[in-house]
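Both counts, for ligands and for their atoms, begin at 1 and track the order of listing. Residue numbers start at 1 and run along the sequence shown.
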Amino acid sequence: MSYKKDMSKYEHLEGWERCGFGEQLDKWAEKYGERTAVTDSEDEISYMELKQKADCLAAAFLRKGILKGDKVLVQLPNRISFVIVFFALSKIGAVPIMMLPAHREAELEGIIELAKPAAYIVVEKYLGFSYVPMANAMKEKYSCIRHIFVDSESGDISGMIAETCGENGAFPAVDGYETAVLLLSGGTTGVPKLIPRTHTDYMYNARMSAKRCRLDSSDVYLASLPVAHNFPLCCPGLLGTLDVGGKVVLASATSPDDILDAITEEGVTITALVPAMVTVCMEMLEWDENYDISSLRILQVGGAMLEDSLADKIIEEWPCKLMQVFGTAEGLLSFTSPEDEGSLIARCQGTPVSPADEVKIVDEEDKAVPEGVFGELLSRGPYTIDGYYMAEEANKKSFTPDGFYRTGDKAMWTKDGRLRLGGRIKEQINRAGEKIMPSEIEAYLCRHSKIKEAAVVGVPDETLGNRICAFLVTDDEAGIDLQEIHRFLREIGIAAYKMPDQIERVETWPLTSVGKIDKKALERMAQEK
Ligand code: OOB
């Protein structure tokens, strides 16, 4: 038997509440009423209206036959309908699977086969891509998908809200310890793993994050990353901001001008960015003086290694506190504090956000390493999962027998008791905050008729953190170029952020002493090119 988390251990914790997100929304509506809850590029919605619309949509979902426990693929960009859909599904105990707008057929198929969703909710069109043909193709291929709901101006979602308004019946009871969402993890070969988060642990995740940020009802939180991602959704993000009665601004795209415009116009006090985005925002600020970011109180930066020099630069040039954020969708969060000295903030990722987090840093034999020495970061605690969704084999590798999650990250304790991250132990590429498993890309590449073997590595890159380099053994003397690779991968249907940035042909592989492909050598070769 594998380790199972005992929730009763956490019931004494401040911020721990056995309650569903649907019920939370009702409480917020009562408390914050007509205050603005969320704005996007087109509209705004108060707490009360959000509750009313979520109730209508929940009733409509029930009427269409979406049942408690059903999984529902949600692929919506940052807009108010995302928020309504999230709470509507929560209210009836259906479980959203948080797809990103960037995902395509290959990612969808892996997840559909695993989770057998009953419905698929898509935006009609976003950043030039039409989602409806893709959704229809999925419905045709997988009989589990009974419904496609399209979010457009005249589409199903708004129509459903209008139809059912005023006739909200009873919703099924939802227990806080049931699964609220399935988040996506960085993934393994082809099939991404799904991360089941309960209503209670996820709300606690949001509350502890909000507490560390000293968030209150005067705060304006800007979701600049795709809000289906854990960082802007819940750390403290959308959910943490709603809990304190603040306002959430949804930026329609993750581009520096969208972000800086939103900060300037909405008086944003806190936002979350990955390091690569900070760099481009800083460049933009340098040549356009019309932006005003003086309202910012906290800039959260996380999702990927923040170089010391960039941290120093942020502290020097931004009018707000830098908060370093180490986070995982599996749970553990570690942030610096607003009260910490700049010199300390610049060199660590702070401390875990909950007093009940258990964190260990261990060597290859799982023995604790001393302060100042890097090891693998392990975590267990109130909001860290005890297993991936239906993934017995993967769980054996990713968790210790006593239930610690193996993050695969290198970390150490600093002399002042803070965590400092030092890169990856597990083979995973972090490209501008997006996590990519090399084995997944290698498998796609090998489907190409000209490619005999492929090895993919992450190469340090000034703007992206890591870029993706694919080494190929090909059949064809004439070779194959990057364009052709991209075309081929687009046909398979994979997210654009997984496309190789660089390809190199090799005749033979550099090998390690045990005869494996020497990826360290490949990384050096890619860097020299
Ligand atoms: C966030 O979550 P995920 O699940 O997309 O990725 C988690 C991984 C970590 O295991 C680590 O490899 C990397 O992302 N990471 C960092 C980092 N924050 C995350 N590596 C170095 N320094 C950091 N500050 O990325 C995520 C979830 C919640 C909040 C923020 C980020």
Please write down residue, atom name and distance for the protein heavy atom closest to [atom].
{"atom": "atom 7 (C) of ligand 1", "result": "G327 O, 3.3 Å"}
{"atom": "atom 6 (O) of ligand 1", "result": "K435 NZ, 2.9 Å"}
{"atom": "atom 24 (N) of ligand 1", "result": "V325 O, 2.7 Å"}
{"atom": "atom 30 (C) of ligand 1", "result": "F231 CG, 3.3 Å"}

Should [X] be listed as contacting ligand 1, given a heavy-atom distance under 4.0 Å as the test?
{"X": "S185", "value": "no"}
{"X": "Q324", "value": "no"}
{"X": "H229", "value": "yes"}

Below 4.0 angstrom from a heavy atom of N230, which ligand 1 atoms are there? Numbered from 1 as shown, please.
27 (C), 28 (C)
Classify the ring geometry of Y10 against W16: parallel below 30°, tilted from 30° to 60°, perpendicular beyond 60°.
tilted
Please determine whether the number of non-hydrogen atoms from other residues, nucleotides or ligands lying under 6.0 Å from atom CD of E339 exceeds 12.
yes
Options G302, A272, G237, A304, ranked by nearest heavy atom to atom 16 (C) of ligand 1, top entry:
A304
Given I425, L233, D409, which one has a non-hydrogen atom that is nearest to atom 10 (O) of ligand 1?
D409
Can you confirm if the aromatic rings of Y126 and Y131 lie within a centre distance of less than 6.0 Å?
no
